[in-house]
Number of protein chains: 2
Amino acid sequence: MVFDTVKIRATVALVTDRYHHGDLRRALIDAAVASIAESGPSALSLRAVAKLAGVSHAAPAHHFGDKAGLLTAVAAEGYDRFADALERAWKATGDFVEVGIAYVRFAIDNKAYFETMFRPELLHEDDPDLQRAEARSNAALVRGAGEQRADAEFNPEALGAWSLVHGFAGLLMGGNFPPAVVADPEGALREIAKRVRFGKPE
Amino acid sequence: MVFDTVKIRATVALVTDRYHHGDLRRALIDAAVASIAESGPSALSLRAVAKLAGVSHAAPAHHFGDKAGLLTAVAAEGYDRFADALERAWKATGDFVEVGIAYVRFAIDNKAYFETMFRPELLHEDDPDLQRAEARSNAALVRGAGEQRADAEFNPEALGAWSLVHGFAGLLMGGNFPPAVVADPEGALREIAKRVRFGKPE
DNA sequence: CCGCTAACTTGACACTGTCAAGACCGGGGC
DNA sequence: GCCCCGGTCTTGACAGTGTCAAGTTAGCGG
């Protein structure tokens, strides 16, 4: 265990008098994220998470119902942070490429969240919190991608840009790219952006 | 269990006199693929695979060493079939877009293989068979993507095209696309391809 | 026909998620 | 100020998992 158990338990201690054991929900999510960062979402163990947070082995299941429930909570929080990051990039620069950069930057900096978000078979996809957060990040994405009306059923340019950026992030994190790209992903993506043009067929 | 147990056991029966129980390795991989197609690679159970193939619970581990070993065998076979599909598309049409279409078509038609291939945390990445098959599919990909020299360390156009097509496949299978795209993914991708141009910055 | 070496089985172990039942404790009504 | 109620968490149990060591079986070369 390389986790910072002390730190995670500290977040509990901070609010320890709110009820029985403080904001356990928060502590469990933090522990889960730490664990996912180490060995991926599919290897997550509820009992390990419980030990990390210093509670009994069944506490996580009680709070989230399920292992999938805990992962769903992580994913929902991930989508929220993701939406924040995209909106921030769009507001700061107004540049569509910068939103793409923010996309892969988020994937790199928040590996645990990102890996959990795009693994539907591990989640409760019907969870309202998850759906709300997902919708928020989708909205932020199309706003940044197209500045066209967001209600477009099928916008090829936006879908293409989204695919490109999402695929880039996925391949990068999967270790499928050459070392030069891994060393400076942001630079590589800018290079690609310079070489790609979207628009009506000639 | 919705699997076609009879059929899978039949593949065993076909070669049943080769040694103890026929080509068990083959039967186990088939069973694994069937199981993965149902519930994803992370939910794979060695014992379920064994039951499907009609052997004892420890037989899979004996053949593949590990759960990761079995998944690695599946991934390696997947990469080989993938390389075949890409090469076939390239030879048949010589069209770079058609290779992209073949890419996502493979993802759709061979969901189980595709999902396993791009989950490094579940595999033995140092396996020589896996690496060979992976290299083969990479070669097929750059040959189709750029027709430039394949030794290029970092080819922005090819990387961009790869990212786009890979991201499209991933988002499609993750259920992140609108219904119109899900209904006709091939058409959607062609639409995108018409709107995207790669080349030197103007 | 005999033994040797592989392929496979058996049995055990520690670990997992999930569930029912109980223990604990803080806050609201008397 | 006391008590009881309800939610928070724990305890104990269960079936299922991957993995390993030891045993059994069967085919092949002598």
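Numbered from 1 within each chain, the chains take letters A, B, ... in sequence-line order. Because the structure is predicted, anything quoted here is derived from the model rather than measured.
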Asker: Rounding to a whole Å, what distance do you find between F64(A):CZ and dT8(D):P?
Answerer: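 Rounding to the nearest Å, CZ of F64(A) and P of dT8(D) are 12 Å apart.
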
Asker: Could you work out which one of dT19(D), dT11(D), dT16(C) sits closest to the side chain of H57(A)?
Answerer: dT11(D)

Asker: Please pick, from dT10(D), dG18(D), dT9(C), the nucleotide with the shortest atom-to-atom distance to any side-chain atom of A59(B).
Answerer: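 Nearest to the side chain of A59(B) among the choices is dT9(C).
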
Asker: Taking atom P of dT17(D) as reference, at what distance in whole Å does atom CG of L122(B) sit?
Answerer: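 Distance check: L122(B) CG to dT17(D) P gives 17 Å.
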
Asker: Does the side-chain hydrogen bond (donor to acceptor under 3.5 Å, both in side chains) test come out yes or no for R47(A) and H57(A), once each step is laid out?
Answerer: CA-CA 5 Å; R47(A) 291 172 111 107; H57(A) 63 167; 2.7 Å; yes

Asker: Do the ring planes of F106(B) and F82(B) sit parallel (below 30°), tilted (30 to 60°) or perpendicular (above 60°)?
Answerer: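 Tilted: the ring planes of F106(B) and F82(B) meet at 30° to 60°.
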
Asker: Indicate, yes or no, whether a donor-acceptor pair under 3.5 Å links the base of dG16(D) to the side chain of R47(B).
Answerer: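 Side chain to base: no pair below 3.5 Å.
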
Asker: Can you check the K51(A) NZ to dA14(C) C1' distance for me, whole Å?
Answerer: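 To the nearest whole Å, that distance equals 11 Å.
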
Asker: Nearest-Å distance, NE2 (H124(A)) to C1' (dT18(C))?
Answerer: 12 Å

Asker: D66(A) CG to dT18(C) P: how many Å, rounded?
Answerer: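 Checked: the CG to P distance equals 5 Å.
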
Asker: Given dT9(C), dC9(D), dT19(D), which nucleotide is nearest the side-chain atoms of K67(B)?
Answerer: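 Selected nucleotide: dT19(D).
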
Asker: Looking at residues at least two apart in the chain, or sitting in another chain, which of them share a salt bridge (Lys or Arg N to Asp or Glu O under 4.0 Å) with E77(A)?
Answerer: R26(A), R81(A)

Asker: Parallel, tilted or perpendicular: which one describes the rings of F96(B) and F198(B), with boundaries at 30° and 60°?
Answerer: perpendicular

Asker: Using 30° and 60° as the class boundaries, would you call the ring planes of F114(B) and H166(B) parallel, tilted or perpendicular?
Answerer: tilted

Asker: A58(A) side chain: which of dC8(C), dC9(D), dC19(C) is closest?
Answerer: dC19(C)

Asker: Of the candidate nucleotides dT9(C), dG17(C), dT18(C), which contains the atom at the shortest distance from the side chain of S45(A)?
Answerer: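 The closest nucleotide is dG17(C).
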
Asker: Scan L70(A) against the nucleic acid and name what it touches under 4.0 Å (heavy atoms): base, sugar-phosphate only, or nothing.
Answerer: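 No contact.
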
Asker: Touch check for A61(B), heavy atoms < 4.0 angstrom, all strands: base, sugar-phosphate only, or nothing?
Answerer: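 Contact class for A61(B): none.
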
Asker: Quick check for you: among dC8(C), dC9(D), dG17(C), whose closest atom lies nearest to any side-chain atom of H62(B)?
Answerer: dC8(C)

Asker: Rounded to whole Å, how long is the line connecting atom NE2 of H63(B) with atom C1' of dA6(C)?
Answerer: 10 Å

Asker: Over how many whole Å does the gap from L46(B) atom CG to dC15(C) atom P extend?
Answerer: 19 Å

Asker: Measure CG/L24(A) against C1'/dC25(C) and give the value in whole Å, please.
Answerer: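 For the pair L24(A) CG and dC25(C) C1', the rounded distance is 15 Å.
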
